[in-house]
**Student:** 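Take a look at this one; I'll ask things after.
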Amino acid sequence: MSALVPRSDFPLLSVNPALVYLDSAATAQKPRAVLDAMNEFYESDYANPHRGAYALSARATERYARARGAVARFFGVRDEECLIFTRGTTDSLNLIAGAWGRANLGRGDEVIVTGAEHHANFVPWQQIAIERGATFTICPLAADGRADVEALAALVSRKTRVIAFNHVSNVLGAINSVPEIASIARSVGALSVCDGAQGAPHMAVGFDALGVDFYAASAHKMLGPMGTGVLIGRREVLELLPPYQTGGDMIEFVGDERTTWNVLPHKLEAGTPNVAGAVGLAAACDYLTAIGIDAVASHERALVRLAYERVSAIEHVRVHGPAATERSGVLSFTVGDIHPHDLASLLDERQICIRAGHHCAQPLMRRLGVSATARASFYVYNDENDVETLGAAIESAKRVFALA
Ligand code: PMP
């Protein structure tokens with residue numbers, strides 16, 4: 001199975017032909033189209049948007065608005081004012097937990113997260129629950145690492161105010177049923193917040209049809225730049241949301257005693273925006289759309305299935321998470337008692353990039369009964385040779401560690 005896109009589209013991969021990059025769940029490499037779009041913005045239309053009375057500033061404003069439109073189309077959001085540009089998923093989730101939580105949570109209320117959350121969708125909710133005197137409940141996981149929806153349905157009550165969960169686990173690649181969880185939340189009048197950091201890069205989101213109240217994602221995991229992300233929300237909730245940060249651009253009128261807020265999306269985008277980041281994300285969305293996001297999803301699933309078969313057939317290897325056919329392009333595993341960091345270092349000697357550690361998911365590590373795993377993750381530029389190189393390198397590492 002060849003790669004879905006030519007390696008030559010990616011400058012870093014082109015100049016490092018021997019590099020086997022298997023860490024796209026941490027961050028994806030950038031196609032030239034994204035780098036060129038950002039550069040072109042800086043070279044042709046760069047100025048501070050929204051403020052200037054001159055044509056160049058108007059062009060920067062127009063680029064920012066066009067980027068919002070393109071990204072909204074990619075995420076399946078008709079009302080593009082409901083797409084807020086942020087610094088990334090962490091920023092998006094802190095925005096919603098902080099702004100919504102502070103205004104809406106009180107003693108006796110309940111916040112539910114799943115046991116498979118990245119710290120970015122766990123700690124902000126835990127902390128706002130502590131601050132507001134709300135109960136913080138962790139929804140159990142099914143054996144495959146997905147949220148146990150039956151347990152969740154039994155857990156919720158009228159006290160439940162929010163359910164925060166991932167679209168796809170960054171450790172296990174397990175894919176949650178977003179509409180099902182959103183509907184459980186709706187049945188008790190709770191808000192549903194989906195962490196899409198590992199969903200949006202790999203499958204169609206279709207926000208308007210998803211049923212969830214909020215969806216967060218990071219540009220850098222979907223071929224776009226670091227420092228940019230989105231928070232997409234339902235207008236009714238966004239309209240009632242108090243500002244997350246205050247300052248320039250987000251105001252309507254500043255009086256000596258009180259201030260009124262700008263309309264969406266500006267109310268939630270204080271300060272000079274990251275226009276180049278938005279332009280880069282829009283270019284990444286266009287690139288993914290040109291390939292076809294469904295083709296991206298099936299390419300990764302095919303590769304991960306191959307990797308699952310190759311790696312799990314090696315003696316002493318334990319692959320965590322769902323069956324080969326049920327996962328997004330992520331494979332977490334341990335090899336006997338070889339520490340994942342040692343394994344990753346040995347693989348690095350062969351220019352294979354994998355991640356090792358707790359993957360910012362310590363609550364999940366506890367539930368898996370491990371302190372760390374090795375993780376290989378696949379994207380559009382990976383092919384079956386990468387899978388074979390990984391498998392052979394694990395076998396060689398076993399020999400180094402005298403693991404028969
Ligand atoms: N959630 C998940 C599931 C993730 O994989 C990540 C990134 N590892 C994040 C949230 C945080 O994303 P960022 O660091 O881009 O804010």
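In what follows, every heavy atom counts, from backbone to side chain, and hydrogens, waters and symmetry copies are set aside. From a predicted model like this one, the values you see are computed outputs, not experimental measurements. The first residue in the sequence is number 1, and the count goes up from there. In listed order, ligands and their atoms are each counted from 1.
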**Student:** Residues around ligand 1, heavy atom under 4.0 Å from any ligand atom, sorted by chain and number. Can you pull those?
**Tutor:** T89, T90, H118, A120, N170, D195, A197, Q198, S218, H220, K221
**Student:** Could you tell me whether E110 and R158 make a salt bridge, using a distance below 4.0 angstrom between a side-chain N and a carboxylate O?
**Tutor:**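 No salt bridge links E110 with R158.
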**Student:** Is R186 paired with D213 through a side-chain N to carboxylate O contact shorter than 4.0 Å?
**Tutor:**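 R186 and D213: not salt-bridged.
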**Student:** Is there a donor-acceptor contact under 3.5 Å linking the side chains of H316 and T334?
**Tutor:**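 No, because no side-chain N or O of H316 sits under 3.5 Å from a partner of the opposite role on T334.
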**Student:** Hey, can you pull the donor-acceptor pairs under 3.5 Å for the side chains in residues 264-281, sequence neighbours left out?
**Tutor:**
residue : atom : partner : partner atom : Å
K267    : NZ   : L238    : O            : 2.8
K267    : NZ   : E239    : O            : 3.0
K267    : NZ   : L241    : O            : 2.7
E269    : OE1  : Y64     : OH           : 2.8
E269    : OE1  : R68     : NH2          : 3.1
E269    : OE2  : R68     : NH1          : 2.9
E269    : OE2  : F85     : N            : 2.6
T272    : OG1  : N48     : ND2          : 3.2
T272    : OG1  : R51     : NH2          : 3.2
N274    : OD1  : G277    : N            : 2.8
N274    : ND2  : G227    : O            : 3.3
N274    : ND2  : T228    : OG1          : 3.1

**Student:** Run the ring-centre check on F122 versus F136 and record whether the distance is less than 6.0 Å.
**Tutor:**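 Ring centroids of F122 and F136 are less than 6.0 Å from each other.
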**Student:** Does the side chain of T373 come under 3.5 Å of the side chain of H359 through a donor N or O and an acceptor N or O?
**Tutor:**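 Judged by distance alone, the side chains do pair up.
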